[in-house]
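Written out below as structure tokens is the structure these notes cover.
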Amino acid sequence: MTLSARALIWVSLSLIAAVAVWGVLNPAGMVATASSLVTQQFHSRAWFVMLTVTGMLVFCVWLAVSPYGKIRLGADTDRPEFSTISWLTMLFSAGMGVGLLFWASAEPLTHFRLMRPVLGDAEAAQQAMFVTNFHWGLHAWAIYAATALVIAYFTFRRGTPMLVGAPFTSVFGQEVWARLVGWLANLLAIVAIAIGVGGSIAMGVFQVADGIDLLVGGDGAGDTLVLIVFLVLFGCYIPPLMVDLGTGMARLSNLAMATAALLLVYVIVTGPTQYMMNSILEGFGAYLVEFFPRGFLTYTFFEPGTESWFQDWTLTYMVWWLAWGPFVGVFVARISRGRTIREFVTGVLIGPVTFSLIWFGTFGGIGFYETLQGTGELLGLTETAVERVTFVLLDRLPLGTVTTVLTIVAAFLFIVTSVVSAAFVLGSFALGGTPDPSPRMKLIWGVLLGCLGYAMILSGSIDAIKKVIALGAMPFVFITILLLVCLLRALGKEARHADR
């Protein structure tokens, strides 16, 4: 093992361990520091974040329609390992996971509650739905697509290790600065992945605990139940870290995705079907018209307070997807060998985004239906217990207990598969891109991810968790731009070589 690889292991492990210890011993201090730093960064660099993610979307679309779109991610004779349907299913389960279940109705209703006093019910509902679709739509998946595309191209076509930093030395050689930038890129990717997955652990634990509490007739999950759920989760994901990452984890991920799809169909069939179908259709139309110009909006001239909402939601989401970019990128790259760049970009952007629009159109639509036709209980929960919104909504449909149990199971499976996969990716990164990290290294990362998740649980706030994730991912924004530069240079060189 080289000196730089050993240094990466020790620096990354030490840094993540320090953050975890800080969060456990002083969660309030960690949250306060993260909030202050993130607010400063968002205030000064909102334009840069939005320009970056919109640029990544434009970049992906341009690659797909350009002559470069014919290039395969691998040798010219390689063909895809998975069918298109299986590939799309795995894409989606990797990219969103437990967040879909958590925010299904909660996010549209939260935006609606904030916009309602200013816009009125109809306009507030339309804007709330659009904003939710924007957060989970093409811009998010363009971040994943661009990161995965770089990793897949250099790994399968140029023969580099599956590392975020590998493109720098592949394109610019063994110059000192290129090796240094590559090493730093790997470190920042590890930090972003670890903190992002730690936040997802916390959100998932909150939701599972609250679902269990609702089943037993409670009025809010207490600290003891949250701790029990966390310990059970920890006990469930540790054993898989000691064996090879085989088809078992893929099956669990597909099972979680199938459960989510079953819930979606059930809600459409048993709920106010016409209302939700109208909601889905309107959501599609509004999104197709407005998604691109909204990518340049930074709310400069809006009323005071709008900037805070923009930072807490839109900017946080964009940085959140950047945090997950290296993790999802490695996974998506692994399952995409043999596809052309055009096939890859089209599938990654269109398939998952279409499902997201249907998902939020359904759950957001029924949330608005219950709010506008009913008592407004759901709106109150967005302020006091946001993790309970999905469960309360499902409880109003037939077989509420069954659907609540299914949601709990799906959320739990999403968390387990995410943590095991993340520990695998982090172990691979730390060991120089090895395709088979040792059980010991995966176990170390699994424990650290659990500690990070517990530290964020102690913060007791979803907003606080979002701030910590944003802080961990902010430095990686600059790395993504450099990665796209490397890909452009490599593609240009390949095209010139082909012409000769």
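Being a predicted model, the structure only gives us computed values, none of them experimental.
Here the rule is side chain to side chain contact (heavy atoms under 4.5 Å, CB included) with Leu315, and of Val49, Val53, Thr298 only Val49 fits it. None of Arg72, Arg337, Arg157 except one satisfies the salt bridge (Lys or Arg N to Asp or Glu O under 4.0 Å) rule with Asp78; the exception is Arg337.
Aromatic rings of Tyr237 and Phe234 (six-membered ring for Trp) have centroids within the 6.0 Å cut-off, being under it. Aromatic rings of His111 and Trp313 (six-membered ring for Trp) have centroids within the 6.0 Å cut-off, being under it. Ring-centre distance between Trp136 and Tyr317: below the 6.0 Å cut-off. Aromatic rings from Phe327 and Phe429 are positioned such that their centres are separated by 6.0 Å or more.
You'll find the side chain of Val19 reaches within 4.5 Å of the side chain of Leu452, heavy atoms only. Side-chain contact between Cys486 and Tyr153 is absent, with no heavy-atom pair separated by less than 4.5 Å.
Counting only residues at least two apart or in different chains, side chain to side chain donor-acceptor pair (under 3.5 Å) contacts with residues 57-70 are absent.
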Which pairs of donor and acceptor atoms, one on a side chain in residues 185-195, lie under 3.5 Å apart (sequence neighbours left out)?
| from | atom 1 | to | atom 2 | distance (Å) |
| --- | --- | --- | --- | --- |
| Asn186 | OD1 | Val164 | N | 3.4 |
| Asn186 | OD1 | Gly165 | N | 2.7 |
| Asn186 | ND2 | Gly182 | O | 3.3 |

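Listed for the Ser170 side chain is no donor-acceptor partner under 3.5 Å among the backbone atoms of Ala166.
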Is there a ring-ring contact (aromatic ring centres under 6.0 Å, His included) between Phe291 and Tyr287 once you walk through the steps?
-> CA-CA 5 Å; Phe291 80 89; Tyr287 182 74; 5.3 Å; yes

